[in-house]
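All chains are named by letter (A, B, ...) in the order of the sequence lines, taking the proteins before the strands, and each is independently numbered beginning at 1.
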Number of protein chains: 2
Amino acid sequence: MNQNNIQQCHHSHTGHSHKSCVSLVPIFNHLEVEQLDKIMATTKSVSYKKNELIYRAGEESDSLYIINKGKVHIYRLAESGKEQLVRILNPGDFTGEMALFSEVTHESYAKAIVDTTVCMIKRVDLQDLLVKYPSISLKIIAEFSSRLEASEKQATSFSIVKVETRIALFLAESLDKEEPDRVELTLPMSKKDLASYLGTTPETISRKFSDLEAQGYIKQLTHKRIEIVDLEGLLLV
Amino acid sequence: MNQNNIQQCHHSHTGHSHKSCVSLVPIFNHLEVEQLDKIMATTKSVSYKKNELIYRAGEESDSLYIINKGKVHIYRLAESGKEQLVRILNPGDFTGEMALFSEVTHESYAKAIVDTTVCMIKRVDLQDLLVKYPSISLKIIAEFSSRLEASEKQATSFSIVKVETRIALFLAESLDKEEPDRVELTLPMSKKDLASYLGTTPETISRKFSDLEAQGYIKQLTHKRIEIVDLEGLLLV
DNA sequence: CGGGCTATTGAAGGATGTCAATGTGAGTGG
DNA sequence: CCACTCACATTGACATCCTTCAATAGCCCG
């Protein structure tokens, strides 16, 4: 893994990038302009280059990170050293909130996988905001709630179903997000990362995709481009 | 699985059981007596007999459940029909919150595994409370945060490590909660349930416990009573 | 004391991980 | 614009872990 040091590039406290940052996020974007201004005043913009770590497990955490631009992988390390991709953050998503409330240190790693800009809010500032604007708490609770839902679902699927089924479920979910009638989708990550996300190996992923294709459920147009031929059948795998 | 109907027994809106219920829970117990009274007025006490379902997947949810007395299993069903134990609730724990904020229906099942009494708060009442007492939101966020932490940790361990290691980690964690120097612990559930919780089968659990004993890491005093002989070694499994 | 559920143990087959070799493609620098 | 290169992807062979099915033993509670 790349162990580049954390590097803070921009510290622009002015204007544009902030505004888009704060007003982007679901947890803030329901607020009035005036309130947004106050929030912006407490945030700091930081940029990371491709493959830089934003934080690592064991580090103390005192900030919330909101992705402004770029893409971030959240992953964990097992004792074996094997890593598992937990979540992928895109602009508008946030992370770092765990350590803000219950833990003192991060338990996972956050890595920018392309050049990325984030907005940071300090723990104390965020807590002030929560007290001042209770509606933010509700948004955060809603976000946590759905993330918890997803995580428990993932834990269940890991422990119970075959890799082939996990892939089928993953493909079906990915499909939803594009037009429902479209039968073609682009994998949001490499198959190597998909293996990590689904808790298996690239070799198995490769084989299972071949199997699914041989059985006529999908067609692999390119490495990342998949056509769903038989969604019904796929979900019965 | 027992598919007993939900049965509501007590509807006592008076005194004692309420008081202990509301003042028990971490999310409320920091509030003033006066505030507790208001909250109590909005709760309803309901009892369930052993093996009764409190809610089931697919059902609409509009209440938060706080365990007053008893023990509740939260579990999920995979397509295969196999069930996985997600969480065990003891007095003071709560559930039902997911559906309150992000989903309309439950995705899991809640079953009383002994005679159990819960306090229910309606969605709307709870939301009033959150607006009125922002500190409750902070407590709930903290609770969610740690639960999310646990869930992601579990997902990682499922996807990455061997059953033997999962057992080792589980035993080590169980040990923490009792006196740290005590080398003996009582399993909080049957081995059958442990299998479900760890995403495996009773047979495998049985065999792995035997293996761990043969390797000198643990000693099985009774079916539920385990002595940790070599914690160091256990964690290296 | 008996019934039913939990726990254990054996044998066999299936699914996935590992190791190793080879193919492929996207991005980079000339 | 092209060629090079390195990481990603694929494929095969094999080992291992785990599940499944089946049978037996043990325990709790009525």
Which residues satisfy the ring pair (Phe, Tyr, Trp, His ring centres under 6.0 Å) test with A:Tyr65, sequence neighbours excluded?
A:Tyr55

Using the heavy-atom set of chain B and a strict 4.0 Å cut-off, write down the first and last nucleotide of DNA chain C that makes it in, 5' to 3'.
C:dT6 to C:dA11

Expressed in angstrom and rounded to an integer, what is the separation of B:Leu221 atom CG from D:dG26 atom P?
18 Å

What bend angle does the helix from C:dC1-D:dG30 to C:dG30-D:dC1 show across its length, from five-pair end axes and to the nearest 10 degrees?
60°

Indicate the atoms forming the closest heavy-atom contact of A:Thr117 with A:Ser47, along with that distance.
OG1-OG, 3.3 Å

How would you list, by chain and number, every residue that makes a ring pair (Phe, Tyr, Trp, His ring centres under 6.0 Å) with B:Tyr217, sequence neighbours excluded?
none

Starting from P on D:dC8, measure out to CG on A:Leu194 and report it in whole angstrom.
14 Å

Rounded distance (nearest 0.5 Å) linking atom NZ of A:Lys219 with atom CG of A:Leu221:
7.5 Å

What salt bridge (charged side-chain N to carboxylate O under 4.0 Å, His left out) pairs are there with at least one residue in residues 153-166 of chain A, not counting sequence neighbours?
A:Lys153-B:Glu107

Looking at every heavy atom in both B:Pro188 and B:Ile88, which two are closest together, and how far apart are they?
O-CD1, 4.4 Å

Its contact letters, B for base, S for sugar-phosphate only and - for none at protein heavy atoms under 4.0 Å, make nucleotides 18-24 of chain D read SBBB---

Residues passing the side chain to side chain donor-acceptor pair (under 3.5 Å) test with B:Glu213, sequence neighbours excluded, are B:Gln220

Partners passing side chain to side chain contact (heavy atoms under 4.5 Å, CB included) against A:Leu235 (at least two apart in sequence or in another chain):
A:Leu169, A:Ala172, A:Leu231

Sequence-distant partners of A:Asp193, side chain to side chain donor-acceptor pair (under 3.5 Å), two or more places apart:
A:Ser190

Examine D:dT10: is either OP1 or OP2 under 4.0 Å from a nitrogen or oxygen in the side chain of A:Gln220? Give yes or no.
yes

Side chain to side chain donor-acceptor pair (under 3.5 Å) partners for B:Arg87, two or more places apart
none

With sequence neighbours left out, write down each residue that passes side chain to side chain donor-acceptor pair (under 3.5 Å) with B:Gln84, or none if nothing qualifies.
A:Thr156

Candidate list A:Leu185, A:Leu175, A:Val183, test side chain to side chain contact (heavy atoms under 4.5 Å, CB included), partner A:Ile226, passing option:
A:Leu185

Check the pair A:Glu59 / A:Arg56 against salt bridge (charged side-chain N to carboxylate O under 4.0 Å, His left out), numbers first and verdict last.
CA-CA 6 Å; A:Glu59 242 172 39; A:Arg56 68 190 71 201; 3.6 Å; yes

Protein-nucleotides 27-30 of chain D N/O pairs under 3.5 Å:
none

